[in-house]
Amino acid sequence: QVQLVESGGGLVQPGGSLRVSCAASGTLFSINAMGWYRQAPGKERELVAAITSLGSTNYADSVKGRFTISRDNAKNTVYLQMNSLKPEDTAVYYCNRKQRTWTSTWYEYWGQGTQVTVSS
């Protein structure tokens with residue numbers, strides 16, 4: 001099993017910055033991808049950013065140029081640096097990990113979510 005523990009959410013003013021972190025523990029495999037999704041009230045969960053174990057990244061168009069995803073493989077931790085935050089970034093942010101086991105089976109895990117609120 002894999003546990004994902006998020007931290008760093010909170011309230012920030014428009015134009016401000018915030019960094020959220022997600023630490024993975026448990027039975028971890030080296031071929032993996034970690035990412036952040038978000039879900040605003042009344043909306044579907046959407047991908048914000050993801051990063052593979054080799055460092056390849058992809059971002060939602062709405063956050064390109066403002067958000068940066070990074071990871072520390074030694075700490076099994078992924079970070080999302082959010083700059084120039086907008087009210088529409090308000091959502092619960094969920095950490096996600098996908099990993100491939102030695103049987104080539106992919107498994108997916110979710111964190112409990114952390115609230116990010118952008119408001120003046």
Side-chain angles (χ1 to χ4, degrees):
Q1 272 293 356
V2 172
Q3 295 77 42
L4 302 175
V5 179
E6 299 132 334
S7 60
L11 173 65
V12 63
Q13 292 186 343
S17 298
L18 203 62
R19 189 177 84 156
V20 291
S21 304
C22 172
S25 62
T27 305
L28 304 179
F29 291 88
S30 60
I31 298 177
N32 66 79
M34 295 188 71
W36 290 93
Y37 289 69
R38 67 186 181 187
Q39 187 167 21
K43 295 189 176 181
E44 293 187 354
R45 191 174 297 189
E46 63 175 359
L47 174 68
V48 177
I51 184 168
T52 70
S53 49
L54 297 180
S56 297
T57 60
N58 69 294
Y59 296 90
D61 288 342
S62 59
V63 306
K64 283 180 181 176
R66 300 188 298 121
F67 291 11
T68 302
I69 191 168
S70 61
R71 63 187 294 165
D72 183 334
N73 289 333
K75 296 181 179 179
N76 297 311
T77 299
V78 64
Y79 307 96
L80 184 68
Q81 177 67 43
M82 301 181 285
N83 298 328
S84 302
L85 281 160
K86 305 175 181 180
E88 51 263 43
D89 294 316
T90 295
V92 177
Y93 283 69
Y94 295 92
C95 180
N96 175 275
R97 180 180 175 98
K98 301 177 181 68
Q99 61 181 22
R100 194 185 80 176
T101 68
W102 51 65
T103 61
S104 298
T105 302
W106 286 87
Y107 290 90
E108 183 175 36
Y109 303 90
W110 293 93
Q112 79 283 359
T114 185
Q115 178 70 47
V116 172
T117 302
V118 184
S119 174
S120 54

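We use all heavy atoms of the structure for the numbers below, so side chains are in, but hydrogens, waters and symmetry mates are not.
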Once you round to the nearest 0.5 Å, how far does OG of Ser21 lie from CG of Asp72? 10.5 Å
Test side chain to side chain donor-acceptor pair (under 3.5 Å) applied to Asn32 and Arg71, step by step: CA-CA 12 Å; Asn32 66 79; Arg71 63 187 294 165; 2.7 Å; yes
Would Phe67 end up clustered with Val92 when hydrophobic side chains under 4.5 Å apart are linked, directly or stepwise? no
Run the ring pair (Phe, Tyr, Trp, His ring centres under 6.0 Å) test on Trp110 and Tyr37 for me, step by step, so that the C-alpha distance in whole Å, both residues' side-chain angles and the decisive distance to 0.1 Å come before the verdict. CA-CA 10 Å; Trp110 293 93; Tyr37 289 69; 4.9 Å; yes
If you measure from OG on Ser25 to CD on Gln3, what distance do you get to the nearest 0.5 Å? 4.5 Å
Are the side chain of Glu6 and the backbone of Cys95 linked by a donor-acceptor contact shorter than 3.5 Å? yes
Supply the members, apart from Phe29, of the Ile/Leu/Val/Met/Phe/Trp/Tyr cluster built from side-chain contacts under 4.5 Å; use none for a lone residue. Trp102
Are Tyr93 and Ile51 joined in one hydrophobic group, where the rule is that I, L, V, M, F, W and Y side chains link up if heavy atoms are under 4.5 Å apart? yes
Can you get from Tyr107 to Val5 by hopping between Ile, Leu, Val, Met, Phe, Trp and Tyr side chains that sit under 4.5 Å apart? no
OG1 of Thr77 to CE of Met34: how many Å apart, nearest 0.5 Å? 7.0 Å
With a 4.5 Å limit on heavy-atom distance, are the side chains of Trp36 and Val20 in contact? yes
If you define the side chain from C-beta out and look only at heavy atoms, does anything of Glu88 sit under 4.5 Å from Val118? no
Roughly how far, to the nearest 0.5 Å, is the CZ atom of Arg100 from the OG1 atom of Thr105? 9.5 Å
Do the non-hydrogen side-chain atoms of Leu47 and Tyr59 ever get within less than 4.5 Å of each other? no
Asp89 side chain reached by Arg38 side chain, heavy atoms, under 4.5 Å: yes
So with a 6.0 Å cut-off around CD of Glu44, is the heavy-atom count from everything else above 12? no
Check step by step if side chain to side chain contact (heavy atoms under 4.5 Å, CB included) holds for Asn83 and Leu18. CA-CA 7 Å; Asn83 298 328; Leu18 203 62; over 6 Å; no
Transitively linked via ILVMFWY side-chain contacts under 4.5 Å: Leu85 with Tyr79? no
Hey, does Leu4 have a side-chain heavy atom less than 4.5 Å from the side chain of Tyr94? no
Between Thr90 and Val116, is there a side-chain heavy-atom distance shorter than 4.5 Å? no
With a 3.5 Å distance limit and no angle check, can you tell me whether Ser53 reaches the backbone of Ser30 through a side-chain donor-acceptor pair? yes
For the residue pair Leu28 and Gln99, establish whether any side-chain heavy-atom pair is separated by less than 4.5 Å. yes
